[in-house]
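Below is one structure; the comments refer to it alone.
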Amino acid sequence: MVQQMASERRTALIEGLMGRFPQVPREAVLKEDLLRGGMAFDESALSGNEDGDVKPKSYFIFSFDHRTLPELGAAALNRPPEEIVLTGGPYDLRRTVVSVRVNPASPYVVRAGEDGALGLYLDGARIADVGLPPMPDYYRHTLSNGKSVMEVAPTIQWGYLVYLTVFRVCQYFGAKEECQYCDINHNWRQHKAAGRPYTGVKPVEEVLEALEIIDRHDTTRTSQAYTLTGGAITSHVGGRDEADFYGQYAKAIEERFPGRWIGKVVAQALPKEDVQRFHDYGVRIYHPNFEVWDRRLFELYCPGKERYIGRDEWHRRILDSAEVFGARNVIPNFVAGVEMAQPLGFASVAEAIDSTAEGLRFFMSHGVVPRFTTWCPEPTTPLGKENPQGAPLEYHIRLLETYRATLEDFGLSSPPGYGPPGPGRAVFSVSSFMDSLPAVDPDPEPVAP
């Protein structure tokens, strides 16, 4: 009875917000709720790992789950899909791609109906049809050493992006340095403990071999970009600093596959001369993520970044990097929702939105367009433990409204390298910012200044 009442309240919540914010696509309201709170999977909706017809969840950098692997039950033994696509239902949803964040306690359940077709259920009612990503041909092939393409070069965003986490841990380590919402180091530990393949440092040769397989079998050219990323490097890995470590992969990829993919790198905000090296190696989009705007919260939630670089210097470096890449091709991410993490975050949605809007206006006034990931409160992180429900859904919906309005105020458009914007068209799966923007043809791909 308690669970039924909670589900009914959730239905009332999403429908209430759809009514209050009609300018935000209804697809985005539902997507944000799924991203912040997760979804449960009936065994009828699980994929059977790499042996089935469904592309499985690759755990490409973070867990993005609301439980640890040992607590996921069947969803740990038979992986859920990487993403799902929602259509139809009582809200007449346009095609909406949603990253899978597993939460066995979620009121949202993916399961097969009486007709055998998968649906998304809330309060016992089917609210959307569910499509699963097909297993790509390149996932059915292995490298010469037996490793899977999914382990070395998984694809997300319905195949648009090759996600190359080439350094699976972070050198910001321990309570005094790790970002308080990030489980990259725990995700590494849990996969190793479960006996799953999870390569710590991916050799350049393996990455190139995996990309060769993708290039050969992706005959429709669905994959259009790659992201190089991993943990922060405060000293060296393999004798290389951060710019050279990540840059070596870009250099090798661009030499082997010139122009095949848009090259992106997620790294710390580095000095301008290091950023120039990224550009020289062939990277075309730079993501020096600023994480959270508020000064006090940045210092509390990103202690390693504050200690090694500092918030003001981080922001200065972001603006400096625009001189190398062009402002349009510098796209810092922030983790939407941690502003409201208790007990130290903002107490009201209005305060949190005002703070985040200040950050958006700061960057957009310089032509830099941030993007954001919807916070998933992973249970092994300090903020996740304290805030298992994440931020209020209203915060996320008002953020979408504020983001679009700020873009329009400065005459800017959606950032490059994310596919098409607009409800029914967007493929970016870890937040709804692309779903919430006008459905226009994508701007030309990034061009170096």
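Just so it is clear, the model here is predicted, and its values are computed rather than measured. Side chains included, hydrogens not; waters and symmetry mates left out as well; all remaining heavy atoms used.
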Just checking, any donor-acceptor pair under 3.5 angstrom between side chains of [X] and [Y]?
{"X": "Asp123", "Y": "Thr11", "result": "no"}
{"X": "Gln180", "Y": "Thr381", "result": "no"}
{"X": "Tyr138", "Y": "Thr155", "result": "yes"}
{"X": "Thr220", "Y": "Thr222", "result": "yes"}
{"X": "Gln157", "Y": "Ser429", "result": "no"}

field: side chain to side chain contact (heavy atoms under 4.5 Å, CB included) between Thr356 and Tyr403, intermediate numbers included
entry: CA-CA 9 Å; Thr356 304; Tyr403 184 89; over 6 Å; no
Is any side-chain N of the basic residue among [X] and [Y] closer than 4.0 Å to the acidic one's carboxylate O?
{"X": "Asp33", "Y": "Arg36", "value": "yes"}
{"X": "Glu151", "Y": "Arg196", "value": "no"}
{"X": "Asp294", "Y": "Arg311", "value": "no"}

Within the distance-only criterion (no hydrogens, no angle test), does the side chain of [X] pair as donor or acceptor with the backbone N or O of [Y] below 3.5 angstrom?
{"X": "Asn187", "Y": "Ile61", "value": "yes"}
{"X": "Glu242", "Y": "Gln268", "value": "yes"}
{"X": "Asp42", "Y": "Arg111", "value": "no"}
{"X": "Asp115", "Y": "Ala117", "value": "yes"}

With the side chain counted from C-beta on, respond yes when [X] and [Y] share a heavy-atom pair under 4.5 Å apart, and no when they do not.
{"X": "Tyr91", "Y": "Met18", "answer": "yes"}
{"X": "Thr68", "Y": "Gln190", "answer": "yes"}
{"X": "Pro134", "Y": "Val54", "answer": "no"}
{"X": "Leu143", "Y": "Ile213", "answer": "yes"}

task: Run the numbers on Leu120 and Asp129 for side chain to side chain contact (heavy atoms under 4.5 Å, CB included), then give the verdict.
output: CA-CA 6 Å; Leu120 180 67; Asp129 297 331; over 6 Å; no
Which word best sums up how the rings of [X] and [Y] line up, parallel for under 30°, tilted for 30 to 60°, or perpendicular for over 60°?
{"X": "Phe362", "Y": "Trp293", "answer": "tilted"}
{"X": "His217", "Y": "His141", "answer": "parallel"}
{"X": "Phe62", "Y": "Phe64", "answer": "perpendicular"}

- request: Tell me, with the steps shown, if Asp409 and Arg361 meet salt bridge (Lys or Arg N to Asp or Glu O under 4.0 Å).
  value: CA-CA 9 Å; Asp409 283 350; Arg361 296 191 70 82; 3.2 Å; yes
- prompt: Ile233 and Phe167: side chain to side chain contact (heavy atoms under 4.5 Å, CB included), yes or no, with the steps?
  reply: CA-CA 9 Å; Ile233 298 172; Phe167 183 42; 3.9 Å; yes
Is the distance between the ring centroids of [X] and [Y] under 6.0 Å?
{"X": "Tyr198", "Y": "His191", "result": "yes"}
{"X": "Tyr286", "Y": "Phe278", "result": "yes"}
{"X": "Phe363", "Y": "Phe290", "result": "yes"}

message: If you apply the rule side chain to side chain contact (heavy atoms under 4.5 Å, CB included), what do you find for Lys202 with Thr199, and how did you get there?
response: CA-CA 6 Å; Lys202 297 177 181 178; Thr199 306; 4.2 Å; yes
Cation-pi check, Lys264 onto Tyr418 ring (under 6.0 Å, within 45° of axis):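 Positive - Lys264 is close enough to the ring of Tyr418 and near enough to its axis.
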message: Here's one to test your reading of the geometry: is the NZ or CZ of Arg95 within 45 degrees of the ring axis of Trp158 and under 6.0 Å from its centre?
response: yes
Spacing of Glu178 atom CD and Cys170 atom SG [to the nearest 0.5 Å]: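 Rounded to the nearest 0.5 Å, the CD-SG separation comes out at 7.0 Å.
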- prompt: If you measure from CE on Met434 to CZ on Arg425, what distance do you get to the nearest 0.5 Å?
  reply: 9.0 Å
message: Applying salt bridge (Lys or Arg N to Asp or Glu O under 4.0 Å) to Arg260 and Asp215, what does each step give before you reach the verdict?
response: CA-CA 8 Å; Arg260 168 63 177 86; Asp215 184 52; 2.7 Å; yes
